[in-house]
There are 2 protein chains.
Amino acid sequence: MTRYSRQTRMLVAIDCIIFGFDGQDLKLLVIKRGFEPEKGKWSLMGGFVQPDEGFDDAASRILKVLTGLEGVYMEQLFAFGGPERDPMERTISVAFFALVDINAYKQQLSEEYRAEWISLKKIPRLIFDHADMVNMAQARLRYKAAIHPILFELLPQKFTIPQLQILYEAVYDTMFDKRNFSRKVLSTGLLVKQKDKERTSSKRGAFYYKLDKRKYSAKFNAFLNFVADPGNLK
Amino acid sequence: MTRYSRQTRMLVAIDCIIFGFDGQDLKLLVIKRGFEPEKGKWSLMGGFVQPDEGFDDAASRILKVLTGLEGVYMEQLFAFGGPERDPMERTISVAFFALVDINAYKQQLSEEYRAEWISLKKIPRLIFDHADMVNMAQARLRYKAAIHPILFELLPQKFTIPQLQILYEAVYDTMFDKRNFSRKVLSTGLLVKQKDKERTSSKRGAFYYKLDKRKYSAKFNAFLNFVADPGNLK
DNA sequence: GCAAAAGTGTTTTCATTACACCCATGC
DNA sequence: GCATGGGTGTAATGAAAACACTTTTGC
C-alpha cells in the first residue's frame, strides 16, 4: 500500500495533568521544561507519541517516567490542536488527566525533570496552552466527581471521613455539613469501616475506612449524585 | 527555529458522528467512502486536518461540505490513536459528534458522497474503528442529555412536547410517563408555549413550543437532571 | 478541666413517582 | 359517536438540607 498523498503530517504529543491531594489542598505536578523552545519554563509533563504506541500507552509511559507510578487513574481529557499552539512546529496534543495518591509518590521529585507539586490556587505561568489544559482538567474533575466516586483515587487506601470531606471541600471550594456529608458517603455502601483510627489530626482519632473494591468497580459508572448541587459546571 | 528532531509525524483526521432525529428514531449520517483503502464501504464523514486549521475549524468545514449546515451543535468526542487503526498509514482521528435538525438538512443527500441517514438500531459494518466511535458517541449523548438540555438541537425550532418525549424515549430506549415528563420539562422554564398547534399527528393537535434562548444559553451548562434515573451510564 | 475534632439524629422541604380521567377533533 | 392522541392534578414516597449536642482524649 502507498500512503495518503498530499496531506500534512503533524507531531502528536501527550500532556499529563497530574492531580494530587496533600491532605489540605489540591496540587498539580509540573516540571521545568528541558528543551527548546521555552526551556526552563514551567510545563506539564509530556512527550511525543511513538510509532508503535496508542495514546493510553504513551500517557502511561510518560506518567511512569515522571512519577514511577503505574496503574493510576487516568483518562483522556481533550485533544488540543490549534495551529499555533507550539511555535516551533505544528504539534497536536492529546491531554490526559491523572489522579494520584500523593503519598504513594515516593520517588523523590525527579532531579532530571525538576518536578514540583504546586497548589492549584497559585499556578505559575505555564508554556503554550498548558494553562487551558489545567483549567479544563479542573472543570472536568469537578464535573465528574459530582456524579462519580473518582476522588478516592487521590487518597491513600486507608482514609478517614474527615479527610474525604476536606478533599471534597478543596475540589469544590466550599464547605459541606459534616453530618449530611458522612451520611451521604456512607449511604453509597462503598466504604468499609476499619478497626483502627487515624490519630494525628485529633485527640479522639477518626476511624479509617477503605473502599469496597467490588462495589467501587460496580458503581464507578453509576450516577451517584455525589455532590447534590455542584453549581454551574461545564 | 528548527523542528523537533527524530520524532514521527502522523496524519491527523477528523471524523464526524452526525445524529439526527426523524420524529421516530435516532439516525446517523454515513457515507460511502470515496477512496482507498476501503473504498465503497460505509464510513463516517471525515477528512484530514489542514495545516492552518484547528480541530473545530476542520470539523465544521467537513460538516458543511457534507450537509451544507453551519452553526450546528458539535463537540469533540474523543481522540482515537491506536497505531493500527488505519492500515494504510498511521493516522490519528479526532472524533466529533454533531446534533442536527434533520429537517433543516435540505440539501439532498449528496450524490458525491452517497450519504444516507441510517437508523441507529441497524448500523451496517463501518470501516476502521468507526463503530467504536459511534458507540462512544451514543453513550456520550445519553450521558450528557441526562444532565444537560442538548436534545433540543435535534428538533426543529418549533416542536411539541409529545415530539420531545418521543425523542427522549428514543435516546434512552425506554418509556416515560407523559404527565411527569411534561411537568419536568416545563419546570425548567426553558420552553415558551406558542399559539399554534401541530396537527398532523393528532386530531386535537399539540401546541408548539420554542426554546427560550436566553435561558437556554444560561442553563446549558447547569446540572438539570433532565432524566432522573438514566441507569448505569458511562 | 478544657480545647479540639469526631460522631450522631430529627425535622422540614422539595423532587420524584405512580396513577386516571377529561378534552378536542376528524372521521 | 367514537377513536385518537393531548393535556392535566393529586397523593405517597424518598432524598436533601438545616440544624446542636455529646464523646473522646491529650494537654
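Letters A, B, ... mirror the listed sequences (proteins, then strands); counts begin at 1. No experiment lies behind these values; they were computed from the predicted model shown.
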Quick one: [X] [atom1] to [N] [atom2], roughly how many Å, whole number?
X      : N     : atom1 : atom2 : answer
A/Q163 : C/dA5 : CD    : P     : 14 Å
B/L186 : D/dG9 : CG    : C1'   : 14 Å
B/Y208 : D/dG7 : OH    : C1'   : 17 Å
B/F176 : D/dT8 : CZ    : P     : 20 Å
B/F181 : D/dG7 : CZ    : P     : 12 Å

*Could you note down all residue pairs passing salt bridge (Lys or Arg N to Asp or Glu O under 4.0 Å) where residues 164-180 of chain B supplies at least one of them, sequence neighbours left out?*
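The answer is B/D177-B/R179.
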*asked:* Strictly by salt bridge (Lys or Arg N to Asp or Glu O under 4.0 Å), give each pair with a member in residues 143-163 of chain B just once, sequence neighbours left out.
replied: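 Every pair satisfying salt bridge (Lys or Arg N to Asp or Glu O under 4.0 Å) with a residue in residues 143-163 of chain B: B/E75-B/K144, B/K158-B/D196.
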*Contact class for A/S201 (heavy atom, under 4.0 Å): base, sugar-phosphate, or nothing?*
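Sugar-phosphate only.
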*How would you label the contact of B/S187 with the nucleic acid (heavy atoms, under 4.0 Å): base, sugar-phosphate, or nothing?*
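B/S187: no heavy atom of the nucleic acid under 4.0 Å.
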*asked:* Closer than 3.5 angstrom, by distance alone: can the side chain of B/R33 be matched with the main-chain N or O of B/W42 as a donor-acceptor pair?
replied: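 Between the backbone of B/W42 and the side chain of B/R33 there is no qualifying donor-acceptor contact (under 3.5 Å).
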Let me check something: any side-chain donor-acceptor pairs from residues 204-213 of chain A under 3.5 Å, sequence neighbours excluded? List them with distances.
residue	atom	partner	partner atom	Å
A/D212	OD1	A/R214	N	3.2
A/D212	OD1	A/K215	N	3.2

_Closest-nucleotide 5' rank along DNA chain D - winner of A/L224 and B/I161_ =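 Closest to the 5' end, via its nearest nucleotide, is B/I161.
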Expected list for residues 130-139 of chain B: side-chain donor-acceptor pairs under 3.5 angstrom, two or more places apart:
residue	atom	partner	partner atom	Å
B/H130	ND1	B/L44	N	3.0
B/N135	ND2	B/A131	O	3.4

Output a table of donor-acceptor pairs, distance under 3.5 Å, between side-chain atoms of residues 14-24 of chain A and any protein atom two or more places apart or on a different chain; print 'none' if there are none.
residue	atom	partner	partner atom	Å
A/D15	OD2	A/S93	OG	2.6
A/D22	OD1	A/Q24	N	2.8
A/D22	OD1	A/D25	N	2.7

_Per A/K184 side chain, nearest of listed nucleotides D/dA16, C/dG7, D/dT8_ =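 That would be D/dA16.
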*Which nucleotides of nucleotides 19-26 of chain D have their base under 4.0 Å from a protein heavy atom (B), which only their sugar-phosphate (S), and which neither (-), written as one string 5' to 3'?*
BB--BBBB
